[in-house]
Protein chains: 2
Amino acid sequence: MTSPTEDFIEQMGLMAQSEGGPRIAGQILGYLIVEGEPRTLAQMTEALKISKASASTNARLLVLKGSVRRVSPVGQRQDAYEALDFPNLAVIRALGDRFRDHADKMTEISAGFPESHAGARERVSRFADFHRKTADFIDAWTEKLAEDAGLAATDREDTR
Amino acid sequence: MTSPTEDFIEQMGLMAQSEGGPRIAGQILGYLIVEGEPRTLAQMTEALKISKASASTNARLLVLKGSVRRVSPVGQRQDAYEALDFPNLAVIRALGDRFRDHADKMTEISAGFPESHAGARERVSRFADFHRKTADFIDAWTEKLAEDAGLAATDREDTR
DNA sequence: CGGGATGTTCAATAAGGACTGAACGATTTG
DNA sequence: CAAATCGTTCAGTCCTTATTGAACATCCCG
């Protein structure tokens, strides 16, 4: 009773939620991936049964996150959005950035512990290092992914 | 004004929230890391100004996530909790598991696309592969981290 | 100029989840 | 056994955020 397309879009919505984001953003991304070609806000509202406001807001959110790009063909009144070749590459990058931010904050805090709390300082510092190493690792991974993307790597660092 | 300890605990709370979890869970973990030794629920409620219910619920959540363990010294009425040496190792593992789960779901869905939607099937499939590869990479990383954890654990004297 | 699309913004609503106080059950102590 | 201590559960409250409808701004075409 449910088509693969519906299943996928639904799954993408759930996945987005499990990552702490808006469900609709995931659904839009799923829709754009399935379609494979630019789609307008009107088409999204129609296909996903969502309001114009949600379509607009979440589509722009996806652009900000680097999963989607806005295309504006000449002679076309409506804006259209299109999924990038590797929509979640930027998401993984952002994940690494978050780890690094946390690591830096923790390191800075650890430096503030006085000698009388050397143990705590050591533990906090180790905690920070753990995060920084993980950030480095994720960076290396996105690096590699970007290479594999190869031909499609035209969208490396255009947003933000 | 604010001590490094307070800063760290606050930061851990914010970090937990940014990952979509309860703020208090992060604070408890921060508290346990700073203390470096088992602490009871009563001590948590006192130190963090939280309710008994929150302390109990979130401490057990941390155990579930694998960041903390419960210790029950003999002749001690109160349960106590202690941060693991690498509290977030399990968290990263869970991250990898989530990627793999998503990948599997997507792959299964992609198989359902009929020949008439071969393009969509291909795109969904590639999306799934991307996640699976990322899951594999994260697994490899946790593998490596676990080694380090093993080394660090051996130069400490406490064992379980 | 209107008139009609189209995209964005904003206030209001709905939904979900965190947090708490209080009740409960279990265990210990005297 | 009675009293006290401790952990868990649960209903209720609060707070955040997603989602929407409607107002608004902009652009295009006649």
To the nearest Å, give me how far apart CE (A/Met44) and C1' (C/dT6) are.
13 Å

Which nucleotide, C/dT8, C/dT6, C/dC19, lies nearest any side-chain atom of B/Arg23?
C/dC19

Looking at D/dT20, I'd like to know if its phosphate oxygens (OP1 or OP2) sit under 4.0 Å from a side-chain N or O belonging to A/Ser54.
yes

Go through B/Asp129 and B/Arg132 one step at a time and tell me if the salt bridge (Lys or Arg N to Asp or Glu O under 4.0 Å) criterion holds.
CA-CA 5 Å; B/Asp129 289 346; B/Arg132 196 182 340 275; 3.6 Å; yes

For A/Leu14 and C/dG16, what is the distance between atoms CG and P respectively, to the nearest whole Å?
13 Å

Compare the minimum distances between each of C/dT8, C/dT29, D/dT8 and the side chain of A/Ser56, then state the nucleotide with the smallest one.
C/dT8

So, do A/Phe137 and A/Phe99 have ring centers that fall under 6.0 Å from each other?
no

Taking the basic N atoms (NZ, or NE/NH1/NH2) and the acidic carboxylate oxygens, is any pair closer than 4.0 Å for B/Arg123 and A/Asp85?
no

Compare the minimum distances between each of D/dA4, C/dG7, C/dA18 and the side chain of B/Arg77, then state the nucleotide with the smallest one.
D/dA4

DNA chain C: A/Gln17 or A/Arg70, which has the more 5' nearest nucleotide?
A/Arg70

So for atom CD, which belongs to B/Glu46, do other residues, nucleotides or ligands contribute more than 12 heavy atoms lying within a distance under 6.0 Å?
no

Nearest-0.5 Å distance that lies between atom CD1 in B/Ile138 and atom CG in A/Leu95
7.0 Å

Separation of C/dT8 atom C1' from A/Lys52 atom NZ, nearest Å, is 9 Å

Distance check needed: C/dT6 P versus A/Leu41 CG, whole Å only.
10 Å

Nearest to the A/Thr57 side chain among C/dT9, D/dT8, C/dA18, which nucleotide is it?
C/dT9

Closest to the A/Ile24 side chain: D/dT20, C/dT8, C/dT20?
D/dT20

Considering only heavy side-chain atoms of B/Gln78, the closest of D/dC6, C/dG7, D/dT9 is D/dC6

Measure CG/B/Asp79 against P/C/dA26 and give the value in whole Å, please.
16 Å

What is the distance, to the nearest angstrom, from the NZ atom on A/Lys49 to the C1' atom on D/dT20?
17 Å

Measuring from the side chain of B/Ala53 (C-beta onward, heavy atoms only), which nucleotide among C/dT27, C/dT20, D/dT8 has the closest atom?
C/dT20

Rounded to the Å, how far apart are A/Ile28 CD1 and D/dA18 P?
13 Å

Here the distance between atom P of C/dA18 and atom CD of B/Gln27, to the nearest Å, is 14 Å

